[in-house]
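Just below is one structure, and these are the notes that go with it.
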Amino acid sequence: MQNTSEYMLYQRIYQVIEQVPCGMVATYGDIATIVGGGCDARMVGYALNEIPKDRVESVPWQRIINKEGGISTRGLAQRQILEDEGIVFNAQERVIMARFHWAGPSTEWAAAHGFQTLPPRDDEDEAEQLSLF
DNA sequence: CAGATGACTCCCA
DNA sequence: CTGGGAGCCATCT
């Protein structure tokens, strides 16, 4: 139906997350920005907590982390999985965003599916983390 | 139908 | 650093 049920926010969120490549990470806010339409970081978090069974295998939920590059989940082996994918954490248990932060979907893909692209980010924050290296 | 809950982020004390 | 409140979707009592 053209009802929101088929275009549910969660479905779109899952679709975007599926675009995050292995070895990269994105923040809840990033996903929300790409989805657009009033989507918020909270929604992304809620959606990830309720991934349908048939989607959990295709949606790389583990690549979604909080804005500080830290893991928001408790109990789940999210960090372990990310390290397996090549993600490196610093001494503060945070992902080195300068190296692993996903830049967003391609303009073509976003346009083809009605999504947004990520706005340019400042390098200062990321440069700061690089110095820890 | 109302209330509670959950993998966020921002702002203020 | 800690703690509380606001803002919002979907699902389960």
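These values consider heavy atoms only, across backbone and side chains, with no hydrogens, waters or symmetry-generated copies.
- Checked against side chain to side chain donor-acceptor pair (under 3.5 Å), A:E83 has the following partners two or more places apart in sequence or in another chain: A:R79.
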Pairs under 3.5 angstrom only: tabulate donor-acceptor contacts from the side chains of residues 109-118 of chain A to other protein residues two or more places apart or in another chain.
residue: A:W109; atom: NE1; partner: A:Q19; partner atom: OE1; Å: 3.4
residue: A:W109; atom: NE1; partner: A:H113; partner atom: NE2; Å: 3.3
residue: A:H113; atom: ND1; partner: A:Q15; partner atom: NE2; Å: 3.2

> Can you give one letter per nucleotide of nucleotides 6-13 of chain B, 5' to 3': B if a protein heavy atom sits under 4.0 Å from the base, S if only from the sugar-phosphate, - if neither?
Replying inline: BBBSS---
Side chains of residues 28-37 of chain A: which donor-acceptor partners sit under 3.5 Å, not counting sequence neighbours?
residue: A:D30; atom: OD1; partner: A:T27; partner atom: OG1; Å: 3.3
residue: A:D30; atom: OD2; partner: A:T27; partner atom: N; Å: 3.1
residue: A:D30; atom: OD2; partner: A:T27; partner atom: OG1; Å: 3.1
residue: A:D30; atom: OD2; partner: A:H101; partner atom: NE2; Å: 2.4
residue: A:T33; atom: OG1; partner: A:G29; partner atom: O; Å: 2.9

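- Contacts classified as salt bridge (charged side-chain N to carboxylate O under 4.0 Å, His left out) and involving residues 102-116 of chain A (residues at least two apart or in different chains) are not found.
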Without placing hydrogens or testing angles, list every side-chain donor-acceptor pair under 3.5 Å for residues 51-64 of chain A, not counting sequence neighbours.
residue: A:R55; atom: NH1; partner: A:E18; partner atom: OE2; Å: 2.9
residue: A:S58; atom: OG; partner: A:E18; partner atom: OE2; Å: 3.2
residue: A:S58; atom: OG; partner: A:R55; partner atom: O; Å: 3.2
residue: A:Q62; atom: NE2; partner: A:E85; partner atom: OE2; Å: 3.1
residue: A:R63; atom: NE; partner: A:E85; partner atom: OE1; Å: 2.8
residue: A:R63; atom: NE; partner: A:E85; partner atom: OE2; Å: 3.4
residue: A:R63; atom: NH1; partner: A:V20; partner atom: O; Å: 2.8
residue: A:R63; atom: NH2; partner: A:E85; partner atom: OE2; Å: 3.1

